[in-house]
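The model shown is predicted, which means the values in this text are computed figures rather than measured ones. Just so it is clear: chains get the letters A, B, ... in the order the sequence lines come, proteins before strands, and each one is counted from 1.
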Protein chains: 2
Amino acid sequence: MRDRSSRTSSFSVDVVLVTATRNELAVLLARNSSDRERWSLPWRSPQAGESLEIAAIRAVQEALGEVPNGMEQIGAFGDGKRHPSESDVSVAYLGLVPHETASPRAGYTWFQVADLPPLSPRQRAMVESAAKTIQSRLDQAPVAFRLLPNTFTLSELQQMYELLMGKRLHKASFRRALQAAWLVEPTDEWRSEGRGRPAQLFRYLPKKKRRPHRGVRFDFLYP
Amino acid sequence: MRDRSSRTSSFSVDVVLVTATRNELAVLLARNSSDRERWSLPWRSPQAGESLEIAAIRAVQEALGEVPNGMEQIGAFGDGKRHPSESDVSVAYLGLVPHETASPRAGYTWFQVADLPPLSPRQRAMVESAAKTIQSRLDQAPVAFRLLPNTFTLSELQQMYELLMGKRLHKASFRRALQAAWLVEPTDEWRSEGRGRPAQLFRYLPKKKRRPHRGVRFDFLYP
DNA sequence: GCGAATTAGTCACCTTCTGCGACTAAAGTC
DNA sequence: GACTTTAGTCGCAGAAGGTGACTAATTCGC
């Protein structure tokens with residue numbers, strides 16, 4: 001994928017770029033330059049003086065030509081044998097991009113997460129970890145908005161949440177919670193999509209934190 | 001701290017070991033072997049074939065002589081210049097140990113998190129990240145129990161939660177939530193501590209998950 | 001021994017939150 | 001114009017959560 005002789009660093013930076021189509025999550029993979037049947041996550045060996053995050057951003061730039069707004073580190077992965085870079089450890093970053101604006105460069109393709117080609121065990125672990133990270137961050141961070149275009153209908157937003165959470169949501173409850181969080185604001189545009197009543201377009205409204213308090217909840221997920 | 005000539009790996013594994021006294025969190029630091037005025041997190045350069053987690057566990061063994069039940073990786077840290085190991089990147093692990101059973105070996109000391117000695121920027125970032133991780137994991141994972149001895153009173157448990165959450169909790173609400181989560185079981189022991197009515201001792205009751213469902217909550221923490 | 005102080009543990013009330021069905025609104029289809 | 005489809009809202013019933021007041025069991029001071 002990249003010249004590996006420049007500086008044999010014993011770690012690499014790998015990027016799990018995620019986008020969402022109508023009802024599927026997709027991950028960007030790069031065609032292996034030597035064995036063109038194989039695919040791998042975009043990765044990069046950090047150059048001297050290049051921070052981890054910068055390396056991740058560069059890897060994304062090579063793949064998409066643009067940078068996602070905000071990449072999040074999801075950990076260092078060391079187990080598993082083979083990795084394209086032959087590095088001992090890979091630091092994985094997660095990036096979210098709206099599907100509309102995400103056209104990969106030559107050699108890169110989106111794969112549905114449900115239908116990935118074979119990957120190295122290490123990279124497969126990264127993809128799984130990325131999926132978990134997205135789910136767990138869902139109600140802590142505005143993840144869904146980073147996967148949607150600038151304006152969107154509330155139905156689209158709800159569908160995105162349903163996709164990310166993996167379950168159906170009740171429309172009225174969803175909108176009530178959304179209102180309480182004060183997270184979106186209406187635009188004065190409407191979109192008519194096929195049949196049915198046109199939907200109002202909304203935009204994400206980043207705001208100072210609200211809801212300062214709330215008690216304990218022992219919603220433990222694992223024993 | 002450790003022989004660095006054996007194998008110059010460009011990354012190290014650092015451990016943020018956390019314990020909790022009555023009303024303070026504390027972190028284990030190691031006295032620097034060359035400059036005995038300086039302190040650092042316990043760390044280790046992974047040997048060949050040593051996984052990241054094993055390296056972290058070994059580092060803890062050297063420091064405490066025992067292993068915490070479960071270490072969690074909190075990320076790879078690359079920015080900031082100086083690090084004891086002179087490595088480019090450090091992978092940080094978080095371990096929780098009950099204060100009662102945590103007697104450090106010679107050269108290691110617990111420091112209150114509010115009163116840490118100077119650390120390298122990178123290690124300071126690790127400690128801060130560890131604190132954030134603990135808070136965010138609080139209602140996802142039984143963090144508090146890993147900081148308490150096997151049996152404890154509900155008041156102790158509540159105090160631990162108050163310490164970790166950084167705010168007071170109402171006794172009745174706390175216990176109601178605890179009951180609903182089915183997370184502790186009473187022992188038949190009671191402990192009389194100074195004045196006041198003796199408290200019943202409880203133990204942690206790991207269990208299959210409950211509460212399978214719940215709607216969305218936009219409890220966003222940042223804009 | 002006895003009341004005050006202290007800590008443990010529970011109850012009941014009221015408010016807020018949440019699941020959910022039923023409703024109205026505005027478009028297209030035939 | 002009746003029917004279908006999607007958007008958007010209302011309001012109730014029940015669950016969850018915040019809080020003060022209560023009972024219980026012990027030590028302390030006298």
Side-chain angles (χ1 to χ4, degrees), chain A residues 22-23 138-139 148-149 151-163 165-203 210-221, chain B residues 22-23 138-139 148-149 151-163 165-203 209-220:
Chain A
R22 194 66 173 183
N23 42 18
L138 242 194
D139 52 348
L148 287 171
T151 62
F152 44 81
T153 70
L154 295 190
S155 294
E156 286 170 346
L157 183 60
Q158 180 176 344
Q159 278 170 30
M160 183 63 72
Y161 269 91
E162 289 177 341
L163 175 59
M165 300 176 71
K167 74 177 182 193
R168 305 288 323 270
L169 300 172
H170 187 96
K171 186 170 49 163
S173 303
F174 179 79
R175 289 172 186 221
R176 193 204 292 129
L178 196 55
Q179 281 225 322
W182 216 248
L183 268 177
V184 296
E185 66 178 3
T187 69
D188 46 9
E189 289 178 272
W190 297 72
R191 178 197 297 162
S192 188
E193 189 121 40
R195 16 237 247 132
R197 168 175 172 178
Q200 189 166 16
L201 290 174
F202 288 75
R203 77 165 60 88
R210 21 209 110 241
R211 305 256 219 137
H213 61 298
R214 196 188 240 50
V216 223
R217 264 219 194 154
F218 300 94
D219 272 349
F220 286 37
L221 301 177
Chain B
R22 194 66 171 182
N23 42 18
L138 241 195
D139 53 348
L148 287 171
T151 63
F152 44 82
T153 70
L154 295 189
S155 293
E156 286 170 345
L157 183 60
Q158 179 176 345
Q159 278 170 28
M160 184 62 72
Y161 269 91
E162 289 177 339
L163 175 59
M165 299 177 70
K167 73 176 182 193
R168 303 288 324 269
L169 299 172
H170 191 271
K171 186 167 48 159
S173 302
F174 179 79
R175 291 173 187 222
R176 193 204 291 130
L178 198 53
Q179 280 224 321
W182 215 250
L183 267 178
V184 297
E185 65 179 2
T187 69
D188 47 6
E189 289 177 272
W190 297 73
R191 178 197 298 161
S192 188
E193 188 124 36
R195 18 239 245 130
R197 170 175 169 177
Q200 189 167 15
L201 290 175
F202 287 74
R203 76 165 62 88
K209 76 154 95 164
R210 21 209 110 241
R211 305 254 222 142
H213 63 294
R214 198 187 236 52
V216 225
R217 267 221 193 150
F218 302 93
D219 274 349
F220 286 37

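Remark: P of C:dA8 and CD of B:Q159 are 8 Å apart, rounded to the nearest angstrom. In this structure, B:F152 atom CZ and C:dG9 atom C1' are separated by 16 Å, rounded to whole Å. B:M165 has its CE atom 14 Å from the C1' atom of D:dG18, to the nearest Å. The nearest whole Å value for the distance from the CD atom in A:E156 to the P atom in D:dG8 is 10 Å. Going from atom CG of A:L169 over to atom C1' of D:dA7 covers 17 Å, rounded to whole Å. Atom CG of A:L157 is separated from atom C1' of D:dA7 by 14 Å (rounded to the nearest Å). The separation between B:R175 atom CZ and C:dG9 atom P is 5 Å, rounded to whole Å. The interatomic distance linking A:E193 (CD) with D:dT4 (P) rounds to 22 Å, in whole Å.
Where A:Q179 and A:R197 each meet DNA chain D at their nearest nucleotide, the meeting point lying more 5' is that of A:R197. Both B:R195 and A:G196 lie close to DNA chain C; mapped to their nearest nucleotides by heavy-atom distance, the more 5′-ward contact belongs to B:R195. When each of A:P198 and A:A172 is assigned the nucleotide of DNA chain C bearing its nearest heavy atom, the one mapping closer to the 5' terminus is A:A172.
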*Verify side chain to side chain contact (heavy atoms under 4.5 Å, CB included) between A:Q158 and A:E162, making sure each step is shown before the conclusion.*
CA-CA 6 Å; A:Q158 180 176 344; A:E162 289 177 341; 3.2 Å; yes
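In the set C:dT10, D:dT26, D:dA7, D:dT26 carries the atom at the smallest distance from any side-chain atom of B:S192.
Using a 4.5 Å heavy-atom threshold, the side chains of B:Y161 and B:L169 count as touching. Between B:K171 and B:R175, some side-chain heavy-atom pair lies under the 4.5 Å cut-off.
Applying the 4.0 Å criterion to OP1 and OP2 of C:dT7, one finds that B:S155 has every side-chain N and O outside that range. A close approach under 4.0 Å does not occur between any side-chain nitrogen or oxygen of B:R176 and OP1 or OP2 of D:dG17.
Going from atom CD of A:E156 over to atom CG of A:L201 covers 7.5 Å, rounded to the nearest 0.5 Å.
For A:R191 against D:dT6, no side-chain N or O and base N or O form a donor-acceptor pair under 3.5 Å. Interface remark: the B:H170 side chain does form a donor-acceptor pair with the D:dG20 base, using a distance-only criterion of under 3.5 Å.
At the heavy-atom level, B:Q200 lies under 4.0 Å from the strands shown only through sugar-phosphate atoms.
In this structure, the side chain of B:Q200 engages the main chain of B:T187 through a donor-acceptor pair within 3.5 Å.
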